[in-house]
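Note on naming: letters A, B, ... go to the chains in the order of the sequence lines (proteins, then strands), and numbering restarts at 1 for each one.
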Amino acid sequence: MDFTIGLNEEQKKAILQTEGPVLIFAGAGSGKTRVITHRIAHLIDNLENFPESICAVTFTNKAAEEMRERVNHLLPGGIGSRVVIKTFHSLCLMILRREAKHLGFLSGFTIYDTSLQESLIKEVMKDLKMDIKQLKPSSIVHAISRSKDAMVSHIKYLDHYEKDFFSEKVDAVFSEYEKRKEQRQALDFGDLIFRTVELFKNNKKILHQYNTKFKYLMVDEYQDTNKAQYELVKYLAGESGNLCVVGDDDQSIYSWRGADISNILSFHKDYPNSFIVKLEENYRSTPTILGAASTLIANNTNRSDKTIFTNNPDGNKIGLFSYENEAEEAESIIKQIIKSKQENKKFSDHAIFYRTNAQSRYFEEALRRYSIPYKIFGGFRFFDRKEIKDIIAYLNTIVNPLDSTSLMRIINTPSRGIGETTIEKMNRISLEEGISLFEVIDRTIPGMKKGAIVKVQELKKMLSDLQDKHEKKKSPSEIAYELIERSGMREEMENEGTEESISRLENLNEFVNSVKDYETNAEDPSLEEFLNQISLLTSEEDTANLEDYVVLMTVHNSKGLEFDTVFLSGMEEGTFPHSLSMDSDTGAEEERRLAYVAITRAKRKLVISFCRFTRKFGNVEPRIRSRFFDEIPEQFFEEMGEKKQYGVRKPSHAPIPKRFTSDDSKVDVNTKNGSLQPGLKIRHKVYGVGIITKVSGNGENEKVEVKFGNLDKKFLIAYTPLEILN
DNA sequence: TTAGTTAAGATTTTT
DNA sequence: TCTTAACTAA
């Protein structure tokens with residue numbers, strides 16, 4: 001069958017060039033998924049490859065699912081579902097479970113999500129006598145994850161990063177963390193990729209197996225790969241060299257997760273003789289939307305050269321709104337959606353984007369007020385709830401008794417009289433004797449009170465019973481159910497009797513249902529596999545089966561999607577671009593790419609808005625519209641000419657932030673333009689005390705240059721709270 | 001040992 | 001504003 005019918009020349013080339021390395025630059029809305037799926041179908045149907053010999057790798061479960069569905073649609077009889085379409089993480093998990101013994105692991109190892117990771121890091125830091133307040137455990141988790149993304153093991157950590165206070169601390173924690181993780185038969189997210197690469201590096205026999213298995217490899221969103229993923233791809237593409245990567249450097253938005261844009265930009269160097277195709281025709285958006293996006297992204301320097309165009313008919317100009325605050329913004333957007341709905345659009349034609357998850361709150365409130373169905377993608381998952389994490393920790397300990405991190409989490413939840421002192425004593429024995437916490441329970445511990453011993457043994461009895469049942473192949477849902485009863489979770493929540501505790505109990509029931517669901521549908525209905533699956537889950541199926549709903553998500557989550565109408569909210573300096581990502585040029589460019597991604601999601605109508613005031617930590621702060629507005633020519637906006645006036649703050653009307661009003665010696669410079677001059681000593685919230693070296697510009701553009709030690713910074717006076725010090 | 005109260009501290013994006 | 005850690009009383 002011809003899978004290139006109706007496609008443009010470039011798309012055809014991308015599909016028909018099946019051999020050797022292929023790089024497809026796929027601009028936003030250029031029919032990328034179509035090309036990938038048709039290429040797979042072509043490989044199977046025309047070139048008679050086994051579906052199993054084709055491997056396609058994506059970043060999200062959602063993308064993988066969509067791809068599988070579409071391939072299935074192209075081919076008869078469910079052939080498509082035999083193609084190996086997986087995320088990086090699930091592919092590696094599959095390989096590692098199979099090859100666990102080569103790493104010295106049992107195949108029933110536990111996967112640590114971020115919270116278990118952090119618990120273990122905290123534990124290690126405590127034992128190493130580090131101050132949790134001085135050094136945030138989460139920042140160490142981050143450093144370790146980045147290190148693994150960069151294929152740097154704990155052994156080589158200090159060789160690769162500059163030696164300073166922080167890196168030395170990380171190094172110490174890293175080693176101990178790895179050691180304990182291994183004792184507990186656990187792997188974290190980063191390990192899944194890192195260990196698979198190491199396995200391929202050290203064991204050519206296994207590598208060869210996978211190389212023969214996969215004759216064709218395709219990678220989606222290649223611009224978001226990090227070093228570890230890059231190497232994994234290189235190994236997997238291996239002998240045949242039939243590697244096809246698809247991506248768009250302008251949509252690279254995950255550098256904070258180790259993604260390296262040069263992976264895609266240097267593909268032709270890594271894979272000589274590669275065939276490069278550029279998909280530049282956009283089928284999604286109007287010329288207006290595309291024009292705005294293109295001019296915006298043209299401000300970036302580190303990008304491959306390309307020109308996106310469309311033959312779509314002209315459409316609406318871009319809407320532009322400025323609001324007093326977030327509540328007003330939310331209210332107005334909801335009203336626009338209601339109006340649009342009356343004009344025969346569906347709710348699900350509308351998406352509201354924001355930069356940070358915290359911003360969703362206002363929209364939720366407004367949508368609830370108007371009783372409009374909505375769905376939040378990303379953000380908090382069902383499986384992120386405390387009670388769900390607790391029951392998962394119980395299940396982890398049942399499947400893997402060596403997993404002391406999970407045991408620690410539930411040893412006294414719900415509280416059963418095993419207190420801090422008891423736990424500390426047990427932990428010490430565990431550390432000294434090098435045995436798991438679970439085993440410690442059987443030891444006689446000097447100085448432990450009778451009462452505590454009884455409690456601990458009761459817990460052990462319950463867990464052992466359930467372990468027995470699990471080994472005797474009792475169904476996972478029955479085990480989960482029994483757990484809720486015997487752990488005392490149910491009793492505790494019923495006794496509490498508050499609305500919240502009842503809903504938590506309902507969540508637990510819902511959890512049991514989802515286990516049951518899994519049991520009846522999965523190929524491998526074991527508890528182990530269930531735990532594996534949910535650990536890699538993102539935000540999917542949050543129970544509610546609404547038919548038509550307004551979509552809410554962060555800009556990051558919007559990648560790969562499209563909507564008739566997009567509301568891009570909160571476009572203020574500081575939130576978008578976010579202040580924390582603006583300390584480098586690369587950060588600034590990434591924010592711009594993020595804005596580019598957001599804009600190019602819109603098919604027909606785009607509405608951008610910002611607030612003049614925003615709440616932060618409870619107090620109101622003045623805001624200025626995002627610089628990205630000024631990078632889009634006025635001709636693309638409605639209300640031409642007025643644009644420049646939006647967001648211009650009149651200093652006299654601005655309320656003085658609370659923290660500057662309590663003490664008269666502290667002056668909010670926002671209210672006193674002109675009072676700053678070189679030589680004055682000031683204090684900045686982030687950078688601390690500094691000396692003004694220069695004042696320039698006027699009105700809204702008045703700037704100060706300040707020297708903080710040997711760091712020089714420029715600020716816009718009107719929007720930077722500075723204290724003048726005497 | 002726990003529960004209940006108070007004070008500080010936190011918000012970027014996620015597989 | 002909301003959550004979590006530290007502190008206090010029973």
By nearest nucleotide on DNA chain B, pick out whichever of A:N357 and A:A452 is the more 5' one. A:A452
Which residue lies toward the 5' end of DNA chain B, A:L594 or A:R416, if each is placed at its nearest nucleotide? A:R416
[atom1]/[X]: more than 12 non-hydrogen atoms of other groups inside 6.0 Å:
X	atom1	result
A:E69	CD	no
A:D585	CG	no
A:K425	NZ	yes
A:E420	CD	no

Nearest-Å distance once atom C1' is located in both C:dT4 and B:dT13: 23 Å
For the C1' atoms, the ones on B:dT11 and on C:dA6, what distance do you get once it is rounded to whole angstrom? 22 Å
Would you mind reading off the distance between [X] atom [atom1] and [N] atom [atom2], rounded to a whole angstrom?
X	N	atom1	atom2	answer
A:H142	B:dT11	NE2	C1'	15 Å
A:I534	B:dT14	CD1	C1'	17 Å
A:D224	B:dT13	CG	P	17 Å
A:E65	B:dT15	CD	P	13 Å
A:E326	B:dT11	CD	C1'	13 Å
A:E492	B:dT2	CD	C1'	12 Å
A:E221	B:dT13	CD	P	19 Å
A:F59	B:dT13	CZ	P	19 Å

Give me the one residue out of A:I297, A:N302, A:L296 that meets side-chain contact (heavy atoms from CB on, under 4.5 Å) with A:R593. A:I297
Considering only side-chain heavy atoms of [X], which listed nucleotide, [options], is closest?
X	options	value
A:L580	B:dA3, B:dT15, B:dT12	B:dT12
A:F189	B:dT15, B:dA3, B:dT14	B:dT15
A:H556	B:dT14, B:dT15, B:dT2	B:dT14

Verify the contact: side-chain N or O of [X] to OP1 or OP2 of [N], cut-off strictly under 4.0 Å; return yes or no.
X	N	answer
A:T575	B:dT12	no
A:T554	B:dT14	yes
A:N412	B:dT2	yes
A:N557	B:dT13	no

Need one value for A:S579: base, sugar-phosphate or nothing, where a base atom within 4.0 Å counts as base even if backbone is also close, heavy atoms only. nothing
Aromatic ring of A:H578 stacked on base six-ring of B:dT12, 5.5 Å, 30°: yes
Determine whether the aromatic ring of A:W256 stacks with the base of B:dT13, defined as ring centroids separated by less than 5.5 Å and ring planes inclined by less than 30°. yes
Give the intermediate values and the outcome of side chain to side chain donor-acceptor pair (under 3.5 Å) for residues A:Y596 and A:Q251. CA-CA 7 Å; A:Y596 176 79; A:Q251 295 186 60; 5.6 Å; no
A:K386 vs A:R615, nearer the 5' end of DNA chain C by closest nucleotide: A:R615
Is there a residue in residues 115-139 of chain A whose heavy atoms reach under 4.0 Å of DNA chain C, and which residues are they? A:K122, A:K133
Checking A:K181 against A:Y177: charged group under 6.0 Å from the ring centre and within 45 degrees of the axis? yes
Check for a donor-acceptor pair, side chain of A:R416 on one end and backbone N or O of A:I411 on the other, with a separation under 3.5 Å. yes
Could you check A:E99 against A:Y210 for side chain to side chain donor-acceptor pair (under 3.5 Å), going step by step and ending with a plain yes or no? CA-CA 12 Å; A:E99 317 292 345; A:Y210 287 93; 3.0 Å; yes
Enumerate, atom names and distances included, each donor-acceptor pair closer than 3.5 Å involving a side-chain atom of residues 125-136 of chain A, sequence neighbours excluded.
from, atom 1, to, atom 2, distance (Å)
A:D127, OD2, A:R180, NH1, 2.8
A:D127, OD2, A:R180, NH2, 3.0
A:D131, OD1, A:K133, N, 3.0

How would you give the extent of chain A contacts on DNA chain C, as first and last nucleotide 5' to 3' within a 4.0 Å heavy-atom cut-off? C:dT1 to C:dA6
Sub-6.0 Å ring centroid separation between A:F610 and A:F629: yes
